[in-house]
Amino acid sequence: MSGPAKLRAQGKVRDVYDIGGDRLLLVATDRISAFDVVLPNPIPDKGRVLSGLSLFWFERTADVVGNHVLSADRRDFPEPFGSEPSLAGRAMLVRKAEVIPVECVARGYLTGSGLKQYRAEGHVCGVPLPPGLVESSRLPEPIFTPTTKAAEGHDLPLTFEETVDLVGRGLAERLRELTIAVYERGAEVALERGIIVADTKFEFGFAGGELILVDEVLTPDSSRFWPADGYAPGRVQPSFDKQYVRDWLDASAWDHEPPPPELPPEVVSRTASKYREAYERITGERFDWYVRRMRVPPESNWESCQVDLERLRREHG
Ligand SMILES: Nc1ncnc2c1ncn2[C@@H]1O[C@H](COP(=O)(O)OP(=O)(O)O)[C@@H](O)[C@H]1O
Ligand SMILES: [Mg+2]
């Protein structure tokens with residue numbers, strides 16, 4: 001074995017374990033964050049949805065860019081993780097990468113912070129856009145709108161030249177090219193299944209000298225998914241992503257500063273359904289088949305997972 005495992009980081013959503021050598025175990029918990037703050041309620045099955053969708057996309061983009069996945073099969077995990085049923089379907093053995101400190105955002109449609117910046121300044125992250133665009137407009141072509149990757153608090157928009165200052169021109173150009181290419185692949189596959197990918201965020205890193213796609217890919221946490229059926233610019237679209245929770249939080253008049261409010265049970269269960277539905281619509285696979293395929297034992301329900309993941313954090317913290 002490769003020595004004792006150590007909790008290297010607890011992100012907003014993932015627990016990241018250093019397991020020795022050049023590998024990490026990335027565990028997607030059921031935590032949910034909104035406006036960069038972790039909410040008090042876990043969303044049942046959310047971690048498994050994120051992992052299942054990321055795996056689906058890593059496979060379907062591997063010809064565009066290599067990625068960090070080594071295995072999501074629990075039997076390949078080093079001990080003690082191999083014997084943790086709570087990790088089945090939600091953890092991934094990955095190549096440890098030097099993560100590039102830029103959030104690589106691609107937008108095919110105009111909404112959210114992009115729309116806000118367009119209305120105020122006529123461009124998004126320095127990319128000029130034609131006049132007359134409205135909420136949810138499809139852009140003439142997908143654009144690269146990177147942001148900083150803030151350790152805490154909010155990410156700030158970067159122009160392409162600012163990205164060049166941060167990482168160098170060659171790498172900035174490569175990131176832009178890969179971001180658009182992976183977005184286009186995702187948008188094409190999703191549209192065949194009746195889903196519009198309005199925008200999405202990727203992270204890239206270097207492992208063994210190779211530029212690879214890391215973190216999560218085209219999930220409801222990192223993307224805006226709209227039903228293609230009924231899409232109409234000029235208004236906000238219904239979605240299969242976190243927008244439902246953001247809207248509820250906005251209606252609750254929370255100021256986006258901690259502490260965040262408790263989500264009512266019906267908001268938790270509707271959010272859980274939206275995540276599962278995103279999985280099913282995009283992959284075409286029933287979520288409970290994914291759970292079975294990943295060998296999640298029937299007794300591993302989401303509540304026991306909270307307890308097990310907490311114990312792992314304690315034992316390896
Ligand atoms: N292959 C990898 N190597 C190193 N770090 C990674 C890799 N994949 C993802 N990460 C990092 O692990 C963390 C994932 O945890 P997450 O909860 O998503 O964090 P965040 O709160 O920053 O969104 C992120 O900081 C991400 O950059
Ligand atoms: Mg993240």
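Start at 1 and go down the list; that is how both ligands and their atoms are numbered. Sequential numbering from 1 along the given sequence is applied to the chain's residues. Since this is a predicted model, take the numbers as computed values, not measurements.
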Checklist entry - Going by distance alone, is a donor N or O of one side chain under 3.5 Å from an acceptor N or O of the other, for Thr147 and Glu103? => result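 Checked: Thr147/Glu103 side chains show no N/O donor-acceptor pair below 3.5 Å.
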Checklist entry - With a 3.5 Å cut-off and no angle check, do the side chains of Tyr279 and Glu285 form a donor-acceptor pair? => result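 Yes, a side-chain donor-acceptor pair sits under 3.5 Å.
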For each nitrogen or oxygen atom of ligand 1, which protein N/O atoms lie closer than 3.5 Å, and how far apart are they, rounded to 0.1 Å?
from     : atom 1 : to     : atom 2 : distance (Å)
ligand 1 : 1 (N)  : His68  : ND1    : 2.9
ligand 1 : 1 (N)  : Arg95  : O      : 2.9
ligand 1 : 3 (N)  : Ala97  : N      : 2.9
ligand 1 : 8 (N)  : Asp215 : N      : 3.1
ligand 1 : 17 (O) : Lys12  : N      : 3.1
ligand 1 : 17 (O) : Val13  : N      : 2.7
ligand 1 : 17 (O) : Arg14  : N      : 2.6
ligand 1 : 18 (O) : Arg14  : NH1    : 2.9
ligand 1 : 21 (O) : Lys12  : N      : 2.8
ligand 1 : 21 (O) : Lys12  : NZ     : 3.1
ligand 1 : 27 (O) : Lys149 : NZ     : 3.3
ligand 1 : 27 (O) : Glu203 : OE1    : 2.6

Next on the checklist: Going by side chain to side chain contact (heavy atoms under 4.5 Å, CB included), Leu309 matches just one of Arg311, Gln306, Arg313. Which one?
Outcome noted: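 Among Arg311, Gln306, Arg313, the one that satisfies the side chain to side chain contact (heavy atoms under 4.5 Å, CB included) with Leu309 is Arg313.
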Next on the checklist: Evaluate Asp241 against Ser239 for side chain to side chain donor-acceptor pair (under 3.5 Å), listing each step before the verdict.
Outcome noted: CA-CA 6 Å; Asp241 56 50; Ser239 73; 3.0 Å; yes
Next on the checklist: Going by the rule side-chain hydrogen bond (donor to acceptor under 3.5 Å, both in side chains), which residues pair with Asp63 if we only count those two or more places apart in sequence or in a different chain?
Outcome noted: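 Scan of Asp63 (side-chain hydrogen bond (donor to acceptor under 3.5 Å, both in side chains), adjacent residues dropped) gives Arg185.
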Checklist entry - Can you tell me if Asn301 uses its side chain to pair, donor with acceptor, with the backbone of Ser304 under 3.5 Å? => result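 Side chain of Asn301 to backbone of Ser304: a pair is present.
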